[in-house]
Amino acid sequence: PFDSLRTNEAKAWKEKIEAEGRTMVRDTELAMIQRMAAAVKKSPQVARAFAAGKAEQSLIWRDEATGVWVKSRPDWLPDDPTQRLILDFKAHADIAPDKFARDAFAFNYHLQAAMQRQGVREVFKIEPIGVGHVVQEKEPPFLAELRMFRPTALDYGQRLFRRALDRFAECWQKQRW
């Protein structure tokens with residue numbers, strides 16, 4: 001309702017919105033989000049990946065080896081992870097396969113995927129089929145594709161996750177960081 005957030009009235013409105021736990025989105029941002037959503041629906045592979053599930057479901061479990069509580073929150077958790085991929089959405093400047101692959105490892109997406117797989121194993125006591133990344137361009141035409149790690153990359157992420165949990169538990173026990 002405001003062109004700018006400079007006035008006291010606009011600032012008060014924004015604070016009220018945030019106090020209610022809502023996120024303020026400007027008209028220009030909403031238009032871009034709507035165009036991105038439409039582009040996702042144009043990709044049959046990506047659109048099918050989002051069928052039958054729920055967004056932003058937390059997976060919380062206690063690691064048996066360390067006693068550490070762990071939380072993972074995939075962007076999309078399928079109703080049946082043994083039949084459909086757990087999904088994470090990544091907006092990216094360049095979705096070319098070689099560029100995204102390098103960035104995926106730089107940003108530790110393989111470790112994140114390992115956490116999500118382990119969360120499904122621990123919480124639901126099932127073996128998930130895998131983790132996919134819906135990768136979408138940040139600029140028009142907002143192309144979107146579904147990408148997956150090779151099993152070796154997921155295994156590497158699992159080893160990193162295990163090491164990180166063990167190290168955290170050791171630091172917590174010794175209170176030495």
Side-chain angles (χ1 to χ4, degrees), residues 18-23 25 33 36-37 40 43 45-138 144-177:
E18 290 173 348
E20 293 171 355
R22 298 188 298 162
T23 301
V25 178
I33 291 167
M36 290 178 81
V40 163
S43 167
Q45 186 184 37
V46 173
R48 275 193 309 272
F50 280 111
K54 294 181 183 79
E56 301 289 335
Q57 299 296 299
S58 294
L59 302 169
I60 302 169
W61 71 98
R62 191 171 191 163
D63 179 58
E64 193 174 309
T66 63
V68 171
W69 284 98
V70 183
K71 177 181 174 184
S72 179
R73 191 171 187 155
D75 292 332
W76 186 259
L77 185 63
D79 291 338
D80 184 357
T82 66
Q83 299 298 313
R84 293 189 168 274
L85 295 171
I86 301 161
L87 296 177
D88 251 13
F89 176 83
K90 305 295 184 192
H92 207 270
D94 185 351
I95 67 169
D98 59 334
K99 173 69 171 134
F100 179 75
R102 281 191 305 273
D103 288 348
F105 276 93
F107 296 129
N108 286 315
Y109 294 164
H110 53 302
L111 188 142
Q112 181 183 31
M115 284 183 71
Q116 292 168 353
R117 281 192 331 169
Q118 190 65 31
V120 167
R121 288 179 187 128
E122 298 291 336
V123 173
F124 298 110
K125 308 298 184 209
I126 59 174
E127 185 62 32
I129 194 170
V131 177
H133 289 95
V134 172
V135 184
Q136 187 171 28
E137 293 177 337
K138 292 180 179 181
E145 294 183 356
L146 181 62
R147 303 279 174 76
M148 294 179 292
F149 285 113
R150 291 187 179 138
T152 53
L154 289 174
D155 291 344
Y156 177 61
Q158 190 70 40
R159 288 192 304 275
L160 290 177
F161 176 48
R162 178 78 264 151
R163 268 189 271 174
L165 268 179
D166 292 343
R167 179 170 287 169
F168 176 82
E170 181 183 344
C171 290
W172 183 266
Q173 181 184 19
K174 295 178 179 179
Q175 287 297 296
R176 188 167 147 221
W177 308 92

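For the numbers below, each heavy atom of this structure counts, side chains included, while hydrogens, waters and symmetry mates do not.
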Give the minimum heavy-atom separation between [X] and [Y], together with the two atoms involved.
| X | Y | answer |
| --- | --- | --- |
| T66 | L165 | CG2-O, 4.1 Å |
| F89 | M36 | CZ-CE, 4.2 Å |
| S58 | K71 | OG-CE, 3.4 Å |
| L59 | G119 | CD1-C, 3.9 Å |

Q.
Closer than 3.5 angstrom, by distance alone: can the side chain of R117 be matched with the main-chain N or O of I86 as a donor-acceptor pair?
A. no
Q: Return yes if some donor-acceptor pair links the side-chain N/O of Q112 with the main-chain N/O of H110 below 3.5 Å, else return no.
A: no
Q) Listed by chain and number, what are the ring-ring contact (aromatic ring centres under 6.0 Å, His included) partners of W76, not counting sequence neighbours? A) F50
For residues [X] and [Y], determine if any side-chain heavy atom of one lies less than 4.5 Å from a side-chain heavy atom of the other.
| X | Y | answer |
| --- | --- | --- |
| H133 | D88 | yes |
| D75 | V134 | no |
| Q136 | V40 | yes |

Output the distance between atom [atom1] ([X]) and atom [atom2] ([Y]), rounded to the nearest 0.5 Å.
| X | Y | atom1 | atom2 | answer |
| --- | --- | --- | --- | --- |
| I60 | R73 | CD1 | CZ | 9.0 Å |
| D94 | K138 | CG | NZ | 11.0 Å |
| F161 | N108 | CZ | CG | 12.5 Å |
| R84 | I129 | CZ | CD1 | 10.0 Å |
| L77 | E56 | CG | CD | 11.0 Å |

(Q) Quick check on F105: does its CZ atom have over 12 non-hydrogen neighbours (other residues, nucleotides or ligands) under 6.0 Å away? (A) yes
Q) If you count the non-hydrogen atoms of other residues, nucleotides and ligands that lie under 6.0 Å from CD in E64, is the total more than 12? A) no
Under 3.5 Å, which donor-acceptor pairs do the side chains of residues 147-154 form with other protein atoms, sequence neighbours left out?
| unit_1 | atom_1 | unit_2 | atom_2 | d |
| --- | --- | --- | --- | --- |
| R147 | NE | E145 | OE1 | 3.1 |
| R147 | NH1 | I95 | O | 3.2 |
| R147 | NH2 | I95 | O | 2.4 |
| R147 | NH2 | E145 | OE1 | 2.4 |

Q.
Do K90 and Y109 form a cation-pi contact, if we require the NZ or CZ to be under 6.0 Å from the six-membered ring centre and within 45 degrees of the ring's axis?
A. yes
Please enumerate all residues that pass side chain to side chain donor-acceptor pair (under 3.5 Å) together with [X], with sequence neighbours excluded.
| X | value |
| --- | --- |
| R162 | D63, D166 |
| E127 | R121 |
| H92 | D103 |

Output a table of donor-acceptor pairs, distance under 3.5 Å, between side-chain atoms of residues 169-177 and any protein atom two or more places apart or on a different chain; print 'none' if there are none.
| unit_1 | atom_1 | unit_2 | atom_2 | d |
| --- | --- | --- | --- | --- |
| E170 | OE2 | K174 | NZ | 3.2 |
| Q175 | NE2 | W172 | O | 2.7 |

